[in-house]
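In what follows, a single structure is set out as structure tokens and then discussed.
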Amino acid sequence: MLDIKRIRTEPDAVKSALTKRDPEAAATIDDLLTMDADRRKRLTEIETLKAEQNRFNPQIAAIKKAGGDATELLAQSAQIKAQIAGLEGGVRESDAMQIAALSKLPNLPADDVQAGGESDAVEIAGLSRPLREFDFPPKPHWEICETHRLVDFERGTKLSGSGFVIYTGVGARLQRALISFMLDTHVSTHGYTEIGLPYALTRESVTASGHIVKFAPEMYHDAESDLFFLPTAEPALVNIHRGEILPPGALPLKYTAHTPCWRREAGAAGKDTRGLQRIHQFDKVELFRYVLPEDSETALAEMTNEACALLDALEIPYRLLRLAAGDISFAAAKTIDIEAWSPGMGKWLEVSSASNCTDFQARRADIRFRREATAKPEFPHLLNASGLALPRVVSALLETHQNADGTVTVPAPIRPYLGGLAVIG
RNA sequence: GGAGUGGUGGCUGAGUGGUCGAAAGCGACGGUUUGCUAAACCGUUGUAGGCCUUAAAAUCUACCUCGGGUUCGAAUCCCGACCACUCCGCCA
């Protein structure tokens, strides 16, 4: 949620920032300001009347206590009450309209984010390591998976329909090894606190994080209990501190969590769906930080590096993209994508997305902090990054480290998690 | 799932229709005292919004889990939701 005061005081700056990502949203600002002025006018009127009415109460009390007759005052008070009742509906309506209009506006893109859409992403760092040169045609991961029985695609479909897979044997173990490796690295090396989360959230929670807007058609939902299954750990990690005022010294908070993520992938059928590329349920390790506003720029860079460190350790080449304003998610001011190279498919796979949501999510979820015990509460900046999404890492790993004889060399850092296994095959 | 009890400020805990935004204690913050620490003493101590503003102060409104209702007036009465605790049942 954007700050209405900021829109009021610097409407032009807000409009021009918004135009970079969504000209239609920018065009609603003038209407919003008109609504806001109207709302405040009504508020003032009604508050003045309430003050007037409140003045009667002690008088009535005094007369009654003295045993007098308060009929006249009661009549006056009733008259004002009627006036208030007449105005109240209007105020409520203006309030609701303003919140609705404000809720539809996405975050303002950061200054260094370029305008444009999906095709306007900018590569911001060279390749992390040279792409491996193969002296044989590298196979796609689904073939490798079938050869070594790492994933059972057919039976996954049998159990839960298309888009669900069963990891089997070394495949299941490999995934668990990667999860442990990632979590351990974030906890031990990067200083995060590990969190074990519920996998379903109430409507209130997904609304507070803004995900109901962005993910509504994507989320699996249990109608009976009105719970939403995580499309990512992010909404859960935002809601941990919903409605709280964090005490001085609490920031930064650094959380990491492994969760399954469920996405309907509505409308995506047929596109990039082969193998593990796009499945309805996948595992992910998430990084999340609550930081001081002045630290969020640095934090985003750090979190990107923390995700990259994992790929470096696994010897998987990747590149970094700064997304254009029109392509970043609703709550984000800036997003960096990390794409790993998939030699078997010959394309880049998004394995992480790191976003600085500035104060947008914090305002919406009413999360604040104090710098000093007596200071006014302020909104912290919230950031999230995948670190990393499992199926695509598994794909890239298998394809990158496959050998001519069909075996796969296991990268050194995860061998301890696989009982010392050095080669799959 | 059935029965009961209850949800008050950072915490504990008073308050059952009228100057209650809410006693008291603890904590926190500022100060006095002090060689230092502690103790003692004095003071301050919620949030949001409106108005006015360069800003603050002052002032007004709302908030005693949340949402409705009764009343001139609600922390207090009524209804609903959510949550917690106790007992019974069921269960990994």
Side-chain angles (χ1 to χ4, degrees), chain A residues 1-10 32-103 196 198-208 212 222-228 236 239-251 253 260 359-380:
Chain A
M1 185 120 72
L2 295 178
D3 183 6
I4 183 65
K5 281 186 194 160
R6 183 166 173 200
I7 297 176
R8 214 183 278 153
T9 52
E10 39 187 294
L32 188 64
L33 286 171
T34 310
M35 267 168 23
D36 178 54
D38 177 61
R39 185 189 127 264
R40 283 184 300 155
K41 196 178 124 232
R42 289 171 194 254
L43 242 192
T44 307
E45 279 174 28
I46 206 163
E47 284 187 1
T48 308
L49 283 172
K50 279 187 179 174
E52 210 174 310
Q53 194 197 16
N54 285 341
R55 271 194 288 277
F56 282 108
N57 294 334
Q59 296 180 38
I60 292 171
I63 291 173
K64 290 214 165 180
K65 205 174 257 177
D69 178 17
T71 317
E72 200 174 312
L73 284 178
L74 288 178
Q76 291 183 44
S77 179
Q79 198 188 337
I80 294 173
K81 195 194 176 186
Q83 284 185 54
I84 292 172
L87 291 172
E88 219 148 37
V91 170
R92 259 188 232 188
E93 200 182 316
S94 329
D95 269 359
M97 274 170 65
Q98 174 162 324
I99 289 168
L102 220 42
S103 302
Y199 298 157
L201 298 176
T202 60
R203 179 175 293 275
E204 192 181 7
S205 292
V206 290
T207 303
I212 194 112
D222 172 44
E224 206 172 343
S225 52
D226 202 23
L227 288 176
F228 295 82
N239 275 281
I240 288 179
H241 295 294
R242 165 157 53 93
E244 295 182 17
I245 299 178
L246 304 166
L251 300 180
L253 288 167
D359 61 353
F360 189 87
Q361 278 180 328
R363 180 171 291 106
R364 188 169 183 130
D366 191 28
I367 299 164
R368 289 168 292 169
F369 74 98
R370 281 187 224 273
R371 291 179 190 272
E372 307 292 341
T374 53
K376 278 270 168 209
E378 297 174 52
F379 293 105

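A note on names: the letters A, B, ... follow the listed sequences, proteins ahead of strands, and every chain is numbered from 1.
Using P as the reference atom, B:G35 and B:U47 are 38 Å apart when rounded to the nearest Å. Between B:A92 and B:A3, the two P atoms lie 25 Å apart (nearest whole Å). Remark: the separation of the P atoms in B:C78 and B:U5 is 13 Å, to the nearest Å. If you take atom C1' in B:G17 and the same atom in B:U76, they sit 7 Å apart, rounded to whole Å. Separating the C1' atom of B:G46 from that of B:U37 is a span of 32 Å, rounded to the nearest Å. Across B:A24 and B:U32, the matching C1' atoms stand 25 Å from one another, rounded to whole Å. With C1' as the reference atom, B:G7 and B:G13 are 14 Å apart, rounded to whole Å. On the P atoms, B:G25 is 15 Å away from B:U45, given to the nearest whole Å.
Mapping A:D36 and A:R368 onto RNA chain B by nearest heavy atom places A:R368 at the nucleotide closer to the 5' end. Nearest-nucleotide assignment on RNA chain B puts the 5′-proximal partner with A:T374, out of A:T374 and A:Q53.
Between A:L32 and A:M35 the shortest side-chain heavy-atom distance falls below 4.5 Å. The side-chain heavy atoms of A:F56 and A:I80, taken from C-beta on, include a pair separated by under 4.5 Å.
In this structure, the CD1 atom of A:I245 is 14 Å from the C1' atom of B:A28, given to the nearest Å. When the C1' atom of B:C72 is taken as reference, atom CD of A:Q83 falls 15 Å away, rounded to whole Å. Remark: C1' of B:A81 and CZ of A:R203 are 15 Å apart, rounded to the nearest angstrom. Atoms CG (A:L246) and P (B:U47) sit 14 Å apart, rounded to a whole Å. Following rounding to the nearest Å, A:I60 (CD1) and B:G18 (C1') show an atom-to-atom distance of 10 Å. Following rounding to the nearest Å, A:D95 (CG) and B:A48 (P) show an atom-to-atom distance of 17 Å. We find that CD1 of A:I367 is positioned 16 Å from C1' of B:U47, with the value rounded to whole Å. Summarising the geometry, the separation between CG on A:L49 and P on B:C51 is reported as 16 Å, rounded to the nearest angstrom.
Using a distance-only test at 3.5 Å, with no hydrogens or angles considered, no donor-acceptor pair links the side chain of A:R371 to the main chain of A:K376. Judged by distance alone, the side chain of A:N239 and the main-chain N or O of A:S205 form a donor-acceptor pair under 3.5 Å.
Within 6.0 Å of atom CD in A:E93, 12 or fewer heavy atoms from other residues, nucleotides or ligands are found, so the atom counts as exposed in its surroundings. Atom CE of A:M97 sits in a sparse spot, with 12 or fewer heavy atoms from other residues, nucleotides or ligands closer than 6.0 Å. The local environment of CZ in A:R6 is sparse, with at most 12 non-hydrogen atoms from other residues, nucleotides or ligands closer than 6.0 Å. Residue-environment remark: CD (A:E10) exceeds the threshold of 12 foreign heavy atoms within 6.0 Å.
The ring-ring contact (aromatic ring centres under 6.0 Å, His included) check on A:F369 picks up nothing, with sequence neighbours excluded.
When the side-chain nitrogen and oxygen atoms of A:R40 are compared with OP1 and OP2 of B:C51, one or more of them lie within a distance under 4.0 Å. Regarding contacts with the backbone of B:C51, every side-chain N or O of A:K41 stays at 4.0 angstrom or more from both OP1 and OP2. Taking side-chain N and O atoms only, A:R39 has no distance below 4.0 Å to OP1 or OP2 of B:G49. For A:R8 and B:G50, the shortest distance from a side-chain N or O to OP1 or OP2 is below 4.0 Å. Contact between the side-chain N/O atoms of A:R370 and the OP1/OP2 oxygens of B:U47 is found at a separation under 4.0 Å.
Here the OG-CE distance, from A:S103 to A:M1, works out to 5.0 Å after rounding to the nearest 0.5 Å.
Nucleic acid contact for A:Q76: none, since no nucleic acid atom lies under 4.0 Å from a heavy atom of the residue. Within the 4.0 angstrom heavy-atom criterion, only backbone atoms of the sugar-phosphate kind lie near A:L43; the bases stay farther away. At the heavy-atom level, A:A373 lies under 4.0 Å from the strands shown only through sugar-phosphate atoms.
Ranking B:U47, B:C29, B:G18 by closeness to the A:N57 side chain, first place goes to B:G18.
Ion pairing between A:D36 and A:R39 holds under the 4.0 Å rule for side-chain N and carboxylate O.
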For nucleotides 60-71 of chain B, give me one character per nucleotide, 5' to 3': B if any protein heavy atom sits under 4.0 Å from the base, S if the only such contacts are to the sugar-phosphate, - if neither. BBS-----S---

Here RNA chain B, pairs taken as Watson-Crick or G-U under 3.5 Å and shown with ( ), [ ] when crossing and | when to another strand, reads ((((((((.[[[..)..(.....]]]((((((.......))))))(((((........))))).[[[[[..)....]]]]])))))))....

